[in-house]
Number of protein chains: 2
Amino acid sequence: MPQPSAPRRNPGRPPRISREEIIEAARRIVTEGGVGRLTMRRLATEVGSTPMALYHHVRDKEELLVLLLDDYAARTLRRSELPAHPRERIVAAATAIHEALVACPWIVEVLTADDLMSTSALWFVEQIVDGLVACGLSLDRAVHGYRSIWYYTAGEIVVRTTAARRRADGDPPTYREQVFADLDSNELPRLAQAADRWGALTAEDTYQDGLRALVDGLLVSR
Amino acid sequence: MPQPSAPRRNPGRPPRISREEIIEAARRIVTEGGVGRLTMRRLATEVGSTPMALYHHVRDKEELLVLLLDDYAARTLRRSELPAHPRERIVAAATAIHEALVACPWIVEVLTADDLMSTSALWFVEQIVDGLVACGLSLDRAVHGYRSIWYYTAGEIVVRTTAARRRADGDPPTYREQVFADLDSNELPRLAQAADRWGALTAEDTYQDGLRALVDGLLVSR
DNA sequence: ACCTGAACACCGTTCAAGT
DNA sequence: ACCTGAACACCGTTCAAGT
């Protein structure tokens with residue numbers, strides 16, 4: 001994260017707004033209106049200033065978003081007691097990251113903005129990598145394993161929040177339902193067979209099941 | 001997918017532009033300039049019309065993007081010979097979807113726009129679900145298993161294309177590198193240990209490794 | 001050093017009118 | 001039925017000037 005500008009021996013005008021103030025206001029906007037509501041202009045009026053004043057404290061909107069994610073992670077991803085057993089530790093650490101992400105659906109836009117979620121998440125990453133090593137993987141394999149877990153987790157979040165957003169918007173026919181309604185059971189027998197249950201099945205939260213399968217596979221196969 | 005307006009017994013003015021023409025132009029713009037270049041206004045000039053004419057053939061920009069993805073999937077996701085062995089069939093089908101996505105990085109924005117990738121992908125989904133059933137999973141577990149594979153795949157794509165975009169932009173310090181450079185090896189020993197290799201390790205394409213681990217785990221654990 | 005106003009170069013979409 | 005022009009209600013960001 002870019003450092004806040006180093007404190008100088010105030011040889012100029014005293015600042016009227018601070019980085020913290022900006023991020024705080026941004027958090028307010030985002031939590032009550034979604035990330036779509038967060039514009040530089042709106043943020044400016046929220047802090048009682050002008051759009052351009054913001055650019056003195058933040059490089060651009062992208063940096064603001066990363067800052068916001070970092071701030072969020074710092075206040076929600078608190079280290080906690082994790083299981084001693086390495087496999088369970090991996091699952092617990094990944095689940096902690098996942099839960100933090102689930103709780104802030106605006107994350108998706110930012111997720112695609114940096115591959116490192118946040119420094120606050122590093123401790124959990126450490127737990128995952130270390131757990132994999134403790135289970136006998138080489139360090140390299142453990143890092144790759146962590147990556148797979150991260151792909152799975154990020155993907156789940158993206159798909160989940162998109163579906164939720166869609167549901168909230170109320171685009172009713174959902175296209176998928178249409179397609180699944182008239183599926184050719186000769187061509188696509190399994191999908192036709194599962195068609196009427198598909199909606200219910202995909203609505204279930206199976207993050208942990210998939211995670212456990214993935215971890216099992218990472219540990220077992222080599 | 002919304003149907004093209006049903007053919008009527010032309011009781012009005014003959015159309016000057018068609019849905020196909022619009023999608024074709026959109027594809028052109030997107031493949032040579034990225035999805036960020038695709039605006040309704042630019043698209044209009046590309047087809048030699050006005051922005052508003054487009055809205056006669058397409059509900060809004062979101063529909064246009066879904067249409068575009070569908071068009072893309074239809075022309076790249078051709079059914080092919082898949083291995084007979086169910087486990088390998090699952091891997092091959094997932095890899096086919098993955099490769100199609102890798103080849104069009106603009107997909108990410110659209111990926112988050114519908115949970116059903118495209119009707120053209122359904123055949124591959126069928127192969128995955130059927131493969132899981134053939135390996136002994138119940139239909140419900142198989143559907144959940146497919147979902148896990150989709151999460152993993154979508155996540156890999158999102159993270160990959162974001163990283164690539166970032167590299168292309170040339171944001172040089174990459175924040176991550178900074179953080180990893182001064183990692184406390186007491187606090188985060190594994191990460192510190194892997195720090196100098198992290199970049200290289202995460203640059204490797206390990207999609208298949210992770211996929212195989214996930215599939216193994218899905219099959220083994222129950 | 002920090003902030004402001006005005007402006008630039010855009011967006012997606014609606015609405016009323018034309019053919 | 002299909003298309004157009006003008007307009008609405010926005011964006012992020014730059015630039016030159018003010019204090």
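Within every chain, numbering begins at 1; the chains are lettered A, B, ... in the order of the sequence lines, protein sequences first and strands thereafter.
Salt-bridge annotation for B:R197 and B:E204: absent, with no side-chain N of the basic residue lying under 4.0 Å from a carboxylate O of the acidic one. Ion pairing between a basic and an acidic side chain is recognised when a charged N comes within 4.0 Å of a carboxylate O; B:R79 and B:E126 show no such pairing.
For the residue pair B:Y207 / B:T153, a side-chain donor-acceptor distance below 3.5 Å is found, with atom types taken as modelled.
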Given Watson-Crick and G-U pairs under 3.5 Å, DNA chain D in dot-bracket ([ ] crossing, | other strand) is ||.|||||...|||||.||
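Remark: side-chain polar atoms of A:D70 are not paired, donor with acceptor, to backbone N or O of A:A73 under 3.5 angstrom. At distances below 3.5 Å, at least one donor-acceptor pair connects side-chain atoms of A:R147 with backbone N or O atoms of B:T202.
The structure places CD1 of A:I23 at 11.0 Å from CD of A:E21, a figure rounded to the nearest 0.5 Å. For the atom pair A:D209 CG and B:S148 OG, the distance stands at 7.5 Å (nearest 0.5 Å). Between atom CG of residue A:L43 and atom CD1 of residue A:I29 there is a gap of 5.0 Å, rounded to the nearest 0.5 Å. In this structure, A:E32 CD and A:R28 CZ are separated by 8.0 Å, a value rounded to the nearest 0.5 Å. Atom CG of A:D184 is separated from atom CG of A:L191 by 11.0 Å, given to the nearest 0.5 angstrom.
Comparing the same atom, P, in C:dA9 and in D:dA9 gives a spacing of 23 Å after rounding to whole Å.
In terms of phosphate contacts, A:S49 brings no side-chain nitrogen or oxygen within less than 4.0 Å of OP1 or OP2 of C:dC3. B:H56 has no side-chain polar atom (N or O) that falls below the 4.0 Å cut-off from OP1 or OP2 of D:dT4.
Distance CZ (A:R19) to P (C:dA1): 17 Å, rounded to an integer number of Å.
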Dump every N/O contact between nucleotides 17-19 of chain C and the protein below 3.5 Å, one line per pair.
{"from": "C:dG18", "atom 1": "N2", "to": "B:R13", "atom 2": "NH1", "distance (Å)": "2.6"}
{"from": "C:dT19", "atom 1": "O2", "to": "B:R13", "atom 2": "NH1", "distance (Å)": "3.4"}

In the 5'-to-3' direction, what one-character label does each nucleotide of nucleotides 5-14 of chain D receive under the scheme B = base within less than 4.0 Å of a protein heavy atom, S = sugar-phosphate only, - = no such atom? B-B---BBBB
